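Report on one structure; see the data block that follows.
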2 protein chains.
Amino acid sequence: MQKHSCLLLRGFAYRHKVTGEGGRQIMSIHMKGDVVDLQNSLLRRSDHNVQALTNIDVAYIPVECVRELAFDRPNVSKAMWYETLVDASIFREWTLNVGRRHARERAAHLLCEFALRLEVAGLGAQLHYELPMTQEQLADALGMTPVHVNRTLKGLEAEGLIERTRRSVIIGDWKALATVGDFDPNYLHLEPELGTV
Amino acid sequence: MQKHSCLLLRGFAYRHKVTGEGGRQIMSIHMKGDVVDLQNSLLRRSDHNVQALTNIDVAYIPVECVRELAFDRPNVSKAMWYETLVDASIFREWTLNVGRRHARERAAHLLCEFALRLEVAGLGAQLHYELPMTQEQLADALGMTPVHVNRTLKGLEAEGLIERTRRSVIIGDWKALATVGDFDPNYLHLEPELGTV
DNA sequence: CGAAAACTTGATTCCGTTCAACACATGTGG
DNA sequence: CCACATGTGTTGAACGGAATCAAGTTTTCG
């Protein structure tokens, strides 16, 4: 078990798991403000891996401190639990995405999710942002091969839904992309709901 | 938002999401002892659906009570949070399963998970149990079509890994099935770890 | 500048879907 | 108790989306 949790101050990180055969599935992408290995810190055995996607700055927080906060301060406890719940909600959507949508829809969905999350984090505009992942990493997030990611993105571009240069993405027609990706932002639980949990 | 959480006393239930095109993905299966819609109760908007798989008995618990327990009693709080974390861990494994494993491995994995969970819940033996799902429901859990579930199960049977009659499953060779399914029970976090969270 | 990483493209293969028919159970009402 | 309807499981044939294999090209960076 880790001795520290780490709070992401700058850059991107991701969590992933690997099959016995070497297939990798990225479970989630994290950005500024996320406490990235909270879950591994609290469960005795870590069941997944955390890795940096770009250069990052992190603040290490000793696990004992996290626990103290988590259990002695009701408000902190609420906030942390709430994070866990939102996390789980995003996992569910990703499972749906990978399990029940075609490559084109999956990719569109992920691009929409990024757009919203980056904007909320103050790291880009909804319709024009830098995607901090290689196509190989996208493939691991989408449960497909890098080759097919390439073709799929090209396809979306050919349809006029997006434009892209190297890593930047411009969403030409948000509504159309969201439709293709069957994207409904509910699952991100972005609206403040402090009164709830 | 729901007014009640419900504790499953007998029978099986599942959580699922549906795409705009009608594809359904089952996110998790629940059995005796699980509090099934805790997450929907605590987040303001529910992002998934809960449904009974068999006849069930449930105990309804008013959400206010859940919250009171959750935030006034540190030990209850720990336990509930712990449940949420294990839940999320299982979601992650399912995402990996659906995203990065072939049909045969997926099916084998699910059969192994069931075996263990049913035994822990006191509802069957690890090597011989009743599967409370139709092949169509299995398909929705595995992200494949019912037809292919049928063929895949038949395949596992032909290989001598399992036997089956209608709904019951007999695992002929646990080790082999676990190998095929790339099954490592860590993610279920079955060992008691009360000292941890 | 040169090497490695990332991206692009084409040809081929294959796993899983789709479509369609049928078999077998289960259950219900006459 | 049978007739019939419905849900579930089984099987076959054809199709298609994505994987695989393999070769380029472009970008990045030491």
Side-chain angles (χ1 to χ4, degrees), chain A residues 12 14 19 21-26 51-55 97-111 130-159 162-169 180-182, chain B residues 12 14 19 21-26 51-55 97-111 130-159 162-169 180-182:
Chain A
F12 294 86
Y14 65 96
T19 67
E21 280 172 341
R24 187 173 65 158
Q25 178 68 43
I26 294 182
Q51 205 146 31
L53 203 51
T54 60
N55 285 336
N97 206 33
V98 163
R100 282 298 183 205
R101 287 200 263 254
H102 288 185
R104 201 174 76 110
E105 318 170 48
R106 271 185 235 178
H109 192 278
L110 188 65
L111 291 178
E130 293 293 313
L131 194 62
M133 306 169 76
T134 66
Q135 290 183 1
E136 188 175 7
Q137 289 160 339
L138 284 172
D140 287 336
L142 295 170
M144 47 208 252
T145 55
V147 176
H148 204 234
V149 167
N150 184 287
R151 294 197 236 260
T152 304
L153 291 179
K154 271 197 66 177
L156 291 175
E157 192 167 23
E159 292 180 69
I162 60 170
E163 291 170 61
R164 55 200 181 108
T165 62
R166 201 71 187 157
R167 292 285 165 81
S168 90
V169 175
V180 167
D182 187 28
Chain B
F12 294 86
Y14 64 96
T19 68
E21 281 173 338
R24 187 173 65 159
Q25 178 67 45
I26 294 182
Q51 205 147 29
L53 203 50
T54 61
N55 286 336
N97 206 32
V98 164
R100 283 298 182 203
R101 287 201 263 254
H102 289 184
R104 201 174 76 110
E105 319 170 47
R106 272 186 232 178
H109 191 279
L110 188 64
L111 292 178
E130 292 294 313
L131 194 62
M133 306 170 76
T134 65
Q135 291 182 359
E136 188 175 8
Q137 290 160 339
L138 284 172
D140 286 337
L142 295 171
M144 46 207 256
T145 55
V147 176
H148 204 234
V149 167
N150 184 288
R151 293 196 236 261
T152 305
L153 291 178
K154 271 195 67 178
L156 292 175
E157 192 168 23
E159 292 180 69
I162 61 170
E163 292 170 61
R164 53 197 183 108
T165 62
R166 202 74 187 153
R167 293 285 163 82
S168 88
V169 175
V180 167
D182 187 29

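Heavy atoms only: backbone and side chains are in, while hydrogens, waters and symmetry mates are out. The chains referred to below are lettered A, B, ... by the order of the sequence lines, with proteins before strands, and numbering in each begins at 1. Keep in mind the model is a prediction, meaning the values are calculated, not measured.
A side-chain donor-acceptor contact under 3.5 Å links R106(B) to the backbone of L142(B). Under a 3.5 Å cut-off, the side chain of Q25(B) and the backbone N or O of A141(B) do form a donor-acceptor pair.
Contact check, R151(B) against dG12(D): no side-chain N or O comes under 4.0 Å of OP1 or OP2. Under 4.0 angstrom from either OP1 or OP2 of dT8(D) there lies no side-chain N or O belonging to Q137(B). Using a 4.0 Å cut-off, some side-chain N or O of R164(B) falls inside it from OP1 or OP2 of dT10(D).
Here the C1' atom of nucleotide dA19(D) and the CD atom of E136(A) are 15 Å apart, to the nearest Å. For the pair E157(B) CD and dG9(D) C1', the computed distance is 13 Å after rounding to whole Å. Computed from coordinates, the R101(A) CZ to dG17(D) P distance equals 18 Å when rounded to whole Å. When the P atom of dG17(D) is taken as reference, atom CG of N150(A) falls 18 Å away, rounded to whole Å.
A nucleotide of DNA chain C counts as in contact with chain A when one of its atoms lies under 4.0 Å from a heavy atom; the first and last such, 5' to 3', are dA6(C) to dA11(C).
Map P146(A) and H102(A) each onto its nearest nucleotide of DNA chain C; the residue landing nearer the 5' end is P146(A). Comparing K154(B) and T152(A) by the nucleotide of DNA chain D that holds the closest heavy atom to each, the one mapping nearer the 5' end is K154(B).
The line from CD of E105(A) to OG1 of T152(A) is 11.0 Å long, rounded to the nearest 0.5 Å.
Ion pairing between a basic and an acidic side chain is recognised when a charged N comes within 4.0 Å of a carboxylate O; R104(B) and E159(B) show such pairing.
In this structure, the side chains of L111(B) and L131(B) come closer than 4.5 Å at one or more pairs of heavy atoms. Side-chain contact check for V149(B) versus P146(B): every heavy-atom pair is 4.5 Å or farther apart.
Among the atoms of the strands shown, only primed sugar atoms or phosphate atoms (P, OP1, OP2) are found under 4.0 Å from some heavy atom of R167(B).
Every residue two or more places apart in sequence or in another chain that forms a side-chain contact (heavy atoms from CB on, under 4.5 Å) with T145(A) is listed here: V147(A), H148(A).
Closest to the side chain of H148(A), from the set dT10(D), dT28(D), dA18(D), is dA18(D). The side chain of V147(A) approaches dC21(D) more closely than any other nucleotide in the set dG9(D), dC21(D), dT10(D).
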